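Each remark here refers to the structure printed beneath this line.
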Amino acid sequence: MLCLVRGLWVTRGLSSPAIMDTFRDAGFVQGIMDGNWFGDPGIGGAWRYYPPLIHALYAAAAAMTGIPPLHLLMAAAPWVNLLVPLGFFLMSRNLIGAPAAVFGTVLLVLVNGLVLPPWMSAAYHPWSSIPILALAGFFLSVWLIHARIRSQSVGDALLIGSAIGLTFLAHTVPALLLAAIVPVAALTAGGFEIKTLRWIAIVAVVTLFWTLPLLWPLLHSYRLHILNAGPGAIVDPLFADWPPSRGMLLTTLPGVLALPVLRLLRAQASVSRTAAAIFAAWIIVPAAFLTRHYACGPASHAAVCTVFVLAVHHWFIYLQAALTCLAGMAAWLCIKLALRAAGRPKIWAGAGWTAAAVCGTAVFWLRPIDASMRQRALDLASSFDWNAYVWVAHHTAPKDLFVTELPDKSLNPASLAVMAAGRSSVALPETYSNPYVDWESRNRRSLQYLAAARGPAENANAKLCELIGEAGDGAKAYVILPNAQAVSAKALRPDSVGLTNTIYRAMPAACAAIAGL
């Protein structure tokens, strides 16, 4: 309840998201609503590269409620993100017991997101983010693995394989981590036996089956060959240098100090040894990727540094979540020892719980990151081109093609508007463009079209006719430019003039005249 109240309070009255990814997610949701289930709405003819499950669920909700995707993502976030602490508690209760799970969940809610932004902390945040929401699926999958892995029945293999596959369709990183956890936990619980290996193989086949809707088109068409490294190579400034920031150290220190708890788990019954194996795999895999990141540095081109590169902050989130669970268990063990040493006087125990509740509530409300994120949302609301977004969403078709400015390969209000509306662009912002489609060549064409739109040049109209040809039969082509920029190309007609940008349509009639000459 406190999470929800804080979430609704922090996001009150906001008209814009605080996380740039939300604009991309809105476009993917709109693409599914437009019937483009397997394609990339931002690049006509390209296959979807981002896992579709959560986008599909939002698309169904948007279709039922009639709420535009961008507004739905923002309004639903404080509610659906409650699944993160709930899933964490259910998982922790199964792994380390209810009392320790309570302490772990308190740390998750109160400490993890104190100073770190939502895209790099395992915590409750009221901001729309697919990686945040995917945490809930990961936690519930770990709960399922620990609860059912010892039976090693075919039914449980189907269930666990399906859980991993569906998690993959929500986000890639948690599914890869689950794929590492399952064999380690299975071999710990069942030993190195033929039956155990067969059971792991069944889980793998079922997982692969669920991933095919996303993986097969990428494998068949692109051979999973990365042509645009921008999305995976993005590095948050907090990860730019060693040592890590104070915020990262602060939020992981309790878990690092609790690592000896793993030895206590291994010393107990076989059930806890399975939990220890899960934690070991859960910690080692993200730690390995983080170690590679800091060891390689930004300038390294060694093979080990360039293979299987994913944005490093995703791995930190899952490492932090594992350490938080262990820190919860360590806190509970310390309290038990303290109460035992004090003879368990009820009055002192009650006073301790009361003090903890008061301090926890105080820390809960005094979160520096909330004010920072709210200001981000306010800044985006003032710079985002809402006129362009509404016009593009209501007056254009999914197959129409847009050209927008991309200063320094990055975002601008017009490109965000087109992306959020689920329409195709000649060149998207590099970090949001399909990694299996070459971005450089598309950006060169986009720059040529923009230069032709501004003119004057002898072949300006001819170049814009090429844009119409690139859009294809039955599709319209548009160029969005700031109002202050003069446009002299005769092939362009202003269709919408907003406060900051004008949307020009490339007119086929001009091309017919050119062809007649």
Side-chain angles (χ1 to χ4, degrees), residues 50-51 53-54 83-85 87-88 90-92 94-96 104 108 112 118-123 129-149 157 159-189 200 203-204 206-208 210-211 214-215 224 231-232 239 248 251-252 255-256 259 262 265 274-293 307-327:
Y50 202 92
L53 179 60
I54 297 178
L83 292 171
V84 174
F88 182 84
L90 294 175
M91 173 202 70
S92 301
N94 186 264
L95 285 172
I96 59 178
L108 179 104
N112 285 6
W119 53 86
M120 54 179 297
S121 57
S129 171
I130 300 302
I132 289 176
L133 195 50
L135 275 168
F138 173 81
F139 294 148
L140 295 175
S141 296
V142 172
W143 175 27
L144 179 67
I145 291 169
H146 183 254
R148 308 297 290 268
I149 201 167
L159 192 61
I160 292 173
S162 297
I164 300 174
L166 289 172
T167 302
F168 180 84
L169 293 179
H171 198 261
T172 308
V173 170
L176 295 174
L177 192 48
L178 291 171
I181 287 173
V182 164
V184 174
L187 292 172
T188 301
I200 295 173
V203 172
V206 174
T207 299
L208 180 62
W210 281 103
T211 64
L214 177 63
L215 273 185
L224 295 180
F239 287 98
M248 294 167 62
T251 56
T252 56
V256 172
L259 282 175
L262 280 174
L265 289 174
T274 303
I278 290 174
F279 278 118
W282 184 355
I283 291 171
I284 289 172
V285 173
F289 278 94
L290 285 166
T291 300
R292 182 184 74 167
H293 166 73
V307 174
F308 202 66
V309 176
L310 293 170
V312 69
H313 60 269
H314 292 306
W315 296 112
F316 177 79
I317 289 174
Y318 286 89
L319 177 62
Q320 186 189 48
L323 295 176
T324 302
C325 198
L326 291 180

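Here the structure is a predicted model, which means the values were calculated and not measured.
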Assess whether side chain to side chain contact (heavy atoms under 4.5 Å, CB included) is satisfied between L176 and T172, documenting all intermediate values.
-> CA-CA 6 Å; L176 295 174; T172 308; 3.8 Å; yes
Closest approach of I54 and L133, non-hydrogen atoms and distance?
-> CG2-CD2, 3.9 Å
About how many Å separate CG of L140 and CE of M91, when rounded to the nearest 0.5 Å?
-> 9.0 Å
Step-by-step side chain to side chain contact (heavy atoms under 4.5 Å, CB included) determination, I200 to V203 | CA-CA 5 Å; I200 295 173; V203 172; 5.6 Å; no
Is the closest side-chain heavy-atom distance between L135 and L83 below 4.5 Å?
-> no
Tell me, do L159 and V206 make a side-chain contact under 4.5 Å, heavy atoms counted?
-> no
For T207, side-chain hydrogen bond (donor to acceptor under 3.5 Å, both in side chains) partners two or more places apart = none
Could you tell me whether F316 and W119 have their ring centroids closer than 6.0 angstrom?
-> no
Taking atom CG of L169 and atom CD1 of I164, what is their separation to the nearest 0.5 Å?
-> 12.5 Å
Candidate list Y318, F138, W315, test ring-ring contact (aromatic ring centres under 6.0 Å, His included), partner W282, passing option | F138
Check: A122 main-chain N/O paired with N112 side-chain donor or acceptor under 3.5 Å | yes
Going through the distances and angles, do V184 and I278 end up as a side chain to side chain contact (heavy atoms under 4.5 Å, CB included)?
-> CA-CA 7 Å; V184 174; I278 290 174; over 6 Å; no
Spacing of CD1 belonging to I96 relative to NE2 belonging to H146, to within rounding of 0.5 Å | 10.5 Å
Side chain to side chain contact (heavy atoms under 4.5 Å, CB included) between H171 and H314, intermediate numbers included | CA-CA 10 Å; H171 198 261; H314 292 306; 3.8 Å; yes
To the nearest 0.5 Å, atom CG of L95 lies from atom CG of L90 at 11.0 Å
Considering residues at least two apart in sequence or located in another chain, which fulfil the side-chain hydrogen bond (donor to acceptor under 3.5 Å, both in side chains) criterion with S129?
-> none
Name all residues meeting the ring pair (Phe, Tyr, Trp, His ring centres under 6.0 Å) criterion together with F88; count only those two or more places apart in sequence or in a different chain, and write none if there are none.
-> F139
In chain order, what residues pass the side-chain hydrogen bond (donor to acceptor under 3.5 Å, both in side chains) check against S92, with sequence neighbours excluded?
-> none
Which pairs count as side chain to side chain donor-acceptor pair (under 3.5 Å) when at least one residue sits in residues 160-170, sequence neighbours excluded?
-> S141-T167, S162-W210
With sequence neighbours left out, write down each residue that passes ring pair (Phe, Tyr, Trp, His ring centres under 6.0 Å) with F168, or none if nothing qualifies.
-> none
Give the minimum heavy-atom separation between T324 and L108, together with the two atoms involved.
-> CG2-N, 3.7 Å
Minimal non-hydrogen separation, T274 against A189, with atom names = OG1-CB, 3.8 Å
In this structure, OG1 of T211 is separated from CG of L166 (nearest 0.5 Å) by 10.5 Å
Would a 4.5 Å heavy-atom cut-off, applied to side chains only, mark F289 and V312 as touching?
-> no
What closest approach, in Å, do P174 and A134 show between heavy atoms, and which atom pair accounts for it?
-> CG-CB, 4.4 Å
